[in-house]
2 protein chains.
Amino acid sequence: MQTGMRTDTSPTLADKLATAIADGILNGTLPPGERLDEVGLAEQHGVSRTPVREALRQLAMSGLIDMRPRKGAIVSKATPEEIESLFVAMAEMEATCARLAAMSMTPIERRRLQARHESMVALAAAGETEAYSDANVAFHSAIYAGAHNAPLAEYAMSLRRRVGPFRRAQFRMDGRLLRSNQEHDAVVRAILTGDAAGAHAAMIHHVSLVEDAFEAFAAINAA
Amino acid sequence: MQTGMRTDTSPTLADKLATAIADGILNGTLPPGERLDEVGLAEQHGVSRTPVREALRQLAMSGLIDMRPRKGAIVSKATPEEIESLFVAMAEMEATCARLAAMSMTPIERRRLQARHESMVALAAAGETEAYSDANVAFHSAIYAGAHNAPLAEYAMSLRRRVGPFRRAQFRMDGRLLRSNQEHDAVVRAILTGDAAGAHAAMIHHVSLVEDAFEAFAAINAA
DNA sequence: GGGGACAAAATTGCATACAATTGAGGCGGG
DNA sequence: CCCGCCTCAATTGTATGCAATTTTGTCCCC
């Protein structure tokens with residue numbers, strides 16, 4: 001799903017293309033720096049250039065791709081500094097959502113968050129990386145939703161997507177799963193007790209460690 | 001300027017149209033709910049529908065307009081709850097930027113912020129609404145920039161634009177200028193002393209009052 | 001062998017043309 | 001008088017065609 005995307009009653013070709021291309025970027029088929037040729041994409045999807053151009057423009061606004069007039073589009077390829085900024089921004093957004101969630105989640109939402117978290121304990125212990133990763137996204141999304149603020153939640157999700165291409169395989173690093181789960185525990189406890197400041201701090205801490213993991217990963221790959 | 005807009009080397013027609021339409025929305029020429037007819041806009045600007053459509057898609061992603069497949073585009077017309085969410089989101093973003101600015105502004109940036117603030121004291125005292133309003137935007141922009149985080153700064157600015165259509169004439173309310181200036185003083189003091197938590201709190205307080213002003217304004221207009 | 005100018009190919013930007021869906025208005029039946 | 005259906009105009013979605021700029025490849029000269 002795409003941030004701020006048009007409400008989809010019978011999605012248009014351009015919309016479908018936008019999600020298709022975004023998927024390609026997120027799952028690594030289209031790596032950062034890859035050139036996005038209009039006719040190529042058009043032929044590849046069996047459509048004309050017109051909807052392709054509209055899809056590209058939409059993706060450009062989301063930050064997933066870069067367009068330069070008369071130069072074409074490429075998958076966004078950020079410098080280490082820009083990637084760092086993205087991670088910091090994501091940490092701040094997640095922390096803000098966590099703080100708001102601590103203040104405004106309904107009792108039902110709190111119970112569900114706790115249940116979700118507890119179910120992840122088992123996954124972490126069993127080392128089920130893939131299932132944990134999926135559950136992790138759902139966990140964070142639940143916190144976005146708990147903030148009860150659509151613009152913030154959407155932007156947080158958009159940032160999560162945007163850093164996606166740069167954080168592949170993060171969970172494969174030693175002990176990430178168990179550690180992530182412990183940090184979730186701190187976040188959940190703070191939210192459940194309505195400790196806004198604590199939720200903020202715990203979430204910043206959690207997401208910052210993800211960033212550290214990325215940096216370690218990047219360092220390994222650079223070597 | 002448009003958030004996440006393509007880097008402009010010889011802007012394309014679609015880009016120029018996007019800013020033109022955005023200007024129309026922001027200055028009230030195109031009020032919320034106004035229908036954005038493609039052929040109308042095309043004739044009005046002397047271009048074909050193609051660049052108009054691309055501009056609209058761009059604006060849709062920014063949240064300034066709403067598009068529904070085969071139904072056309074309208075200037076975003078939010079419910080009171082959605083407007084409330086926008087104001088809350090803006091307050092949170094501004095506060096986050098203020099906190100980061102308190103932590104990471106350079107000495108030069110701090111001095112400039114202080115100078116800018118002091119120059120606004122005179123404007124507030126003299127009741128120069130228009131000049132103060134311009135300076136106010138620059139003041140907040142300086143804090144965004146001081147956060148040293150492009151994604152957060154851009155999103156904060158984008159939210160500021162997005163609430164624009166709903167906060168017209170806010171400064172005309174009694175005593176807003178002086179009060180705004182006093183609140184700025186608290187924000188600036190916190191930032192200059194590196195008081196991150198204080199900067200956050202002061203900014204939330206400041207922007208929340210703007211929201212209250214809006215609500216009062218909306219209440220008057222509804223009556 | 002290296003570098004620069006020119007030409008051709010490729011690619012983007014814009015316009016026009018066509019198709020398809022929506023919404024409105026009219027018409028007839030109840 | 002009201003309701004449903006049908007038809008048609010209006011509007012959006014998509015394709016194609018053309019113009020302009022960028023890029024690439026080649027040739028010539030140094």
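First the proteins, then the strands, lettered A, B, ... as listed; each starts at 1.
- For B:His45 and C:dC14, the NE2 to P distance is 14 Å, given to the nearest whole Å.
- Every residue meeting the side chain to side chain donor-acceptor pair (under 3.5 Å) condition with A:Thr29, not counting sequence neighbours, appears here in chain and number order: A:Asn27.
- Atom C1' of nucleotide D:dT14 and atom CD of B:Glu38 are separated by 12 Å, given to the nearest angstrom.
- Residues satisfying the salt bridge (charged side-chain N to carboxylate O under 4.0 Å, His left out) criterion with B:Glu38, sequence neighbours excluded, are B:Arg49, B:Arg53.
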Expected rows: protein N/O vs nucleotides 15-19 of chain D N/O, under 3.5 Å:
residue	atom	partner	partner atom	Å
D:dA15	OP2	A:Ser48	N	2.8
D:dA15	OP2	A:Ser48	OG	2.9
D:dA15	N7	A:Thr50	OG1	2.8
D:dT16	O4	A:Thr50	OG1	3.4

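- For A:Glu92, the side chain to side chain donor-acceptor pair (under 3.5 Å) partners two or more places apart in sequence, or in a different chain, are B:Arg99.
- Legend: residues meeting salt bridge (charged side-chain N to carboxylate O under 4.0 Å, His left out) with A:Arg116, ordered by chain and number and at least two apart, are absent.
- Residues forming a side chain to side chain donor-acceptor pair (under 3.5 Å) with B:Arg162 (at least two apart in sequence, or on another chain): none.
- One atom, CD1 of B:Ile74, and another, C1' of C:dG23, lie 16 Å apart when rounded to the nearest Å.
- Phosphate contact (OP1/OP2 of C:dG13, side-chain N/O of A:Arg68, threshold under 4.0 Å): absent.
- Residue pairs satisfying the salt bridge (charged side-chain N to carboxylate O under 4.0 Å, His left out) criterion with at least one member in residues 72-83 of chain A, sequence neighbours excluded, are absent.
- Contact check, B:Arg53 against D:dG13: a side-chain N or O comes under 4.0 Å of OP1 or OP2.
- Listed by chain and residue number, nothing satisfies the salt bridge (charged side-chain N to carboxylate O under 4.0 Å, His left out) test with B:Arg110 (two or more places apart in sequence, or in another chain).
- Atom C1' of nucleotide D:dT14 and atom CZ of A:Arg57 are separated by 18 Å, given to the nearest angstrom.
- One interatomic measurement links the two molecules: CZ of B:Arg35 to C1' of C:dG23, which rounds to 10 Å at whole-angstrom precision.
- Taking atom CG of residue B:Leu56 and atom P of nucleotide D:dT12, one finds them 9 Å apart after rounding to whole Å.
- Between B:Ser208 and B:Phe87 the shortest side-chain heavy-atom distance does not fall below 4.5 Å.
- For the helix from C:dG1-D:dC30 to C:dG30-D:dC1, the end axes, each set by the C1' atoms of five terminal pairs, are bent relative to each other by 10° (nearest 10°).
- One interatomic measurement links the two molecules: CD of A:Glu54 to P of C:dT12, which rounds to 16 Å at whole-angstrom precision.
- The shortest distance between side-chain heavy atoms of B:Thr12 and A:Arg57 falls below 4.5 Å.
- Atom P of nucleotide D:dT12 and atom CD of B:Glu43 are separated by 12 Å, given to the nearest angstrom.
- At the phosphate of C:dG23, OP1 or OP2 sits under 4.0 Å from a side-chain N or O atom of B:Lys71.
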